[in-house]
Structures are given as C-alpha cells and as structure tokens.
Amino acid sequence: MSDIVVLGSGLGGMSAAFEIKAALGAAHRVTVVGDGRQFSFTPSNPWVGIGWRQPADVQLDAASALERHDIAFIDSPASAVRPADNRVVLQDGRELAYDYLVITTGPRLAFDEVPGLGPLDGHTQSVCTTPHAAAAWQAYQAFLGNPGPVVVGAAQGASCFGPAYEFALILDTDLRRRRLRDRVPMTFVTSEPYVGHMGLGGIGDSQGLLERQLRQRHIKWICNARIDKVEDGTMHVSGLDAHGQAPEQHALPFRYAMVIPAFTGVAAVRGVEGLVNPRGFVLIDKHQRNPTFRNVFAAGVCVAIPPVEATPVPTGAPKTGFMIESMVSTLAANIKADIESRPATAEATWNAVCLADMGDSGAAFVALPQIPPRNVTWAREGKWVHLAKVAFEKYFMHKIRTGNTTPVYEKYVMKALGIARIRPGTGDE
C-alpha cells in the first residue's frame, strides 16, 4: 500500500485527490491537507466581489466531499516540506510520512512587494480568495454611497490577468445598472506590454477584443505599468518604456481599487533546495514530476513556468483551469505507472480553454497549447460566453460534490473538439 499526500484543497488539490483515488482504488491511501474545510470555486470570485454571488454560492465542505470517496482530510496546512525525509510537517505540529507527495497549494499572495498593496495592511481590494472577495464586496457597498474614481489592474510580476479584466468589466456593468457609471472614472493598470497580452503574448486577437471593450466602456488603461506604492486614495504608477526606463509618472486618485498581486511559492516549500526555484515555485519536468525528488509531483499555480517572453515590466505565465486539470490527469497517470513499476510517460498538453465574464457579455479564449508556439489559438466574444461561464460554475461545483472530475460525456466532447488533457501516446488517456 502506498500513501499519497496531497497538499492543498483548491481546484488542483481536490481534482488530484479524486483522480488519484479513482486510478489507484482502495488498495492505496490518499490524504488531502487543507487550510480550512471550505473548497472555493476561485473563478467566481469576481462575482463575489461585486455582490453577484455570496460566498456560500461558490463554496462547499471539502472534507465531506472527500470522505465520501474514502479520502482522508486534515484541516491543518503544511508548515514545512522535507522531501529528503519523505515527510510533511503540519502547522498543528503533526508530521505525515508519504510515499508520493502532490503539491497543489496554490500561491502565496505577494502584496508585500508593493508598499500599501492589499486588503489587510494596504489600501486595495483583492479577488484572489473568496474571503478577500467577500471583503471587496463590503468595501464596494461603502463605495456605492460615495462613488468616485476606480483603479483596477495587475501589479508587476502578476501572472493572473484574467480576473483583473473580468472585475473591471463586471464593475462597469454593475455601475451602469445602478445608474452610477457617470460618476466613476475608471483606469485599468497592468504590467502587460499591451492590453490582452495576458502573460502569454496574446491569444488570438485578445488585444483588439479587450481594447475595444475597454474603449467602449470608457475605461482608460496604462500598460507597462509598475505600481511603486499605494497610499490611501492615491496609487503611484510608473509607465516604463521598452528599455525599462520610467518616463511617465502617474498619481492616480481612487475611492476604490482592486489589484491582482504577484505570486510566490508558499512558505512551506520556499527555500527547499532542488524542490523550488528562487520564487518558491515547484520545479517539474514534462511529467509533472520534480527532477530532484522523484516521488514529488505538482500541479497548478504553484508550479514553476518561465515567462513566455521578456517584457519591460515583469509578467508571469498564468496557469488556467483546464491547464491545471491537464496537469492533474498527467500526474495521476504517472503516479499509477510508478506504483505499478512502469515508466511514468504521460505528458500534459497544457491546453487552455478560458471563459472570461464581462458582466453582460463575455470572451472565450482557446490556446492549444497555452504556451507558444501553438497549434490552435482564437478569441471570441458574445453573450453566450457569460451564460457558458454561469453554467460551468454549476457544472464544476457538481463535479467536486460528486468526486467525478472527468465525466465520460465531458471527456468525449472535449476530444471531439481536439482538446485533450494528456498528449496522445504518452499516457492512459
């Protein structure tokens, strides 16, 4: 019998636990280590931040869902990972031994890298977690009583640009519905070299699509933006040129601001030689396996992926939902192969299928694979995307409740569209 420990109970962790258990069966133990019992559907956080969803709408009890499938849950996050000893130290003092470790912790939110950034010790809101989004909604309600300038964006080093665009466009929609939009000047601030870069060098005509949306909605934008500091009511931003110089200085007034920060690896893994890079992201090979510690696998935002290209202001490559599911399917197949003394050959496609809500419409982006060069890339927009994202929220929550993360009909529909999780000929899929 093998013991598989999964660190993290978010999108990647829950999916990994269910897929590994389904692949291995009752003969092997799977344990999930989480920080709190609540699973949150992170893609819905922009809606929570505007009050279109309540936290209870996008959360469920992770422990109950896992236990129905004979997967243990421990409500105490890891404080240290010791891969040389095959052990994890928990914050409550316990230690877990493992045969295989799967790291799906998500990121640490590096608000501290910009003075005054963040919802706790700073002056900006966040939708990176559901509690942050709930706090953003409380701040938004106060803002509605005294509206004024708004700044939304993504800080230098950010790798998750989609939620920033979504929040700006959803906010615009909500303000128009409330007949308050004419009292709210809006500015979008981003470290991207151009609107729609997304940390990926663009997807289809994402630049034209998003520029058109911002222009039609009277949202000004500043690209190549470095946020130097945030004071109460003022964001200080430098606009860099192609040589990294800062010829433009902006002091942006705001009564409400939401900014996506840069990410780092979590404290439990940072500084572990051979396991992570200098930012604390887990090093992996094409099989989602750490090159140094061969029984450690990783998936999701916590993995180390180099930037797609050099940009005047640092930008990271995002790890989107379907890309994470691709990673999860791959590591599950490779852990099973290793237990059965077969070569771990499965490789993730890292295909990306993204649905971005715009309040009253939406944009769909497809990149096969996500990292260039690509076989397929396109972007489309329309009201159907908004409806599709609403449906996908309900669908994914159902998958987590039932523990069936790869329903047969989804598998065959995606394959009919040419979108697979594992590269053909490299694994079981």
Side-chain angles (χ1 to χ4, degrees), residues 3-18 20-21 30-45 48-49 55-56 58-67 69 71-83 87-98 101-112 118-121 126-136 160 163 260-272 275-276 279-282 296-303 319 321 324 327-328 396-397 400-401 403:
D3 281 300
I4 298 94
V5 172
V6 179
L7 296 187
S9 55
L11 294 174
M14 294 292 284
S15 297
F18 288 130
I20 292 168
K21 189 65 177 179
V30 179
T31 301
V32 174
V33 175
D35 185 2
R37 291 176 61 95
Q38 293 295 314
F39 164 82
S40 296
F41 186 64
T42 305
S44 292
N45 284 344
V48 175
V58 300
Q59 292 182 316
L60 57 83
D61 187 83
S64 298
L66 293 166
E67 288 165 2
H69 292 266
I71 300 170
F73 180 81
I74 297 176
D75 182 8
S76 179
S79 62
V81 174
R82 297 175 179 167
R87 304 187 78 80
V88 174
V89 181
L90 305 182
Q91 284 189 5
D92 64 10
R94 284 181 289 173
E95 294 191 11
L96 295 179
Y98 61 80
L101 179 66
V102 177
I103 302 175
T104 56
T105 57
R108 169 185 171 269
L109 306 175
F111 294 114
D112 57 311
L120 298 180
D121 301 315
S126 162
V127 292
C128 293
T129 71
T130 301
H132 283 178
C160 191
I260 303 295
F263 296 159
T264 73
V266 299
V269 299
R270 291 186 74 178
V272 180
L275 180 66
V276 297
R279 293 284 288 177
F281 294 110
V282 182
V296 177
F297 295 78
V301 181
C302 67
V303 304
K319 295 94 173 181
I324 293 172
M327 295 181 187
V328 164
F396 197 92
M397 292 289 284
I400 295 298
R401 286 191 185 95

| field | Close side-chain approach of H132 to N45, heavy-atom, < 4.5 Å | value | no
| task | In sequence, state the C-alpha distance, the side-chain angles, and the governing distance for T129 and L109, and then conclude on side-chain contact (heavy atoms from CB on, under 4.5 Å). | result | CA-CA 10 Å; T129 71; L109 306 175; 4.1 Å; yes
| task | Heavy atoms only: give me the nearest G280-V269 pair and the separation to one decimal. | result | O-CG2, 3.6 Å
| task | Applying side-chain contact (heavy atoms from CB on, under 4.5 Å) between I103 and each of V266, V303, V282, report the one that passes. | result | V282
| field | Closest non-hydrogen atom pair, P43 against L11 | value | CD-CD1, 4.0 Å
| remark: Note: I260 and C128 closest approach over all heavy atoms is CD1-SG, 4.0 Å
| query | Quick one: side chain to side chain contact (heavy atoms under 4.5 Å, CB included) partners of R108, sequence neighbours excluded? | reply | A110, D112, T264, R270
| said: Does R94 form a side-chain contact (heavy atoms from CB on, under 4.5 Å) with I74? I'd like the steps, not just the answer. | reply: CA-CA 10 Å; R94 284 181 289 173; I74 297 176; 3.2 Å; yes
| message | Ring-plane angle category for F396 and F39, please: parallel below 30°, perpendicular beyond 60°, tilted otherwise. | response | parallel
| request: For the residue pair I324 and S15, establish whether any side-chain heavy-atom pair is separated by less than 4.5 Å. | output: no
| request: Evaluate the side-chain proximity of L101 to L7: yes if any heavy-atom separation is below 4.5 Å, no if none is. | output: yes
| query | Would you say T104's side chain and A299's backbone share a donor-acceptor pair under 3.5 angstrom? | reply | no
| Heavy-atom donor-acceptor pair, R87 side chain to A80 backbone, under 3.5 Å | no
| note | Closest heavy-atom pair, A17 versus L66, reported as atoms and distance to 0.1 Å, is CB-CD2, 4.0 Å
| said: If only side-chain N and O atoms count, and only distance matters, is there a donor-acceptor pair under 3.5 Å linking S40 with Q59? | reply: yes
| note | Nearest heavy-atom approach of C302 to G106 is CB-O, 3.6 Å
| task | Could you give me the CA-CA distance, side-chain angles and deciding distance for V296 and Y98, then say whether side-chain contact (heavy atoms from CB on, under 4.5 Å) is met? | result | CA-CA 10 Å; V296 177; Y98 61 80; 4.0 Å; yes
| note | dist D61:CG -> F73:CZ (nearest 0.5 Å) comes out at 8.0 Å
| query | Is there side-chain contact between V88 and V33, with at least one heavy-atom pair below 4.5 Å? | reply | no
| said: Once rounded to the nearest 0.5 Å, what's the spacing between atom CG of D35 and atom CG of L90? | reply: 11.5 Å
| query | About how many Å separate CZ of F41 and CG of L60, when rounded to the nearest 0.5 Å? | reply | 11.0 Å
| said: Nearest 0.5 Å, please: how far is CZ in R82 from CG in L96? | reply: 12.0 Å
| message | Using every non-hydrogen atom in the two residues, find where K319 and G300 come nearest and quote the distance to one decimal. | response | CG-O, 3.6 Å
| Should the heavy atoms of other residues, nucleotides or ligands under 6.0 Å from CG of D92 be counted, would the total exceed 12? | yes
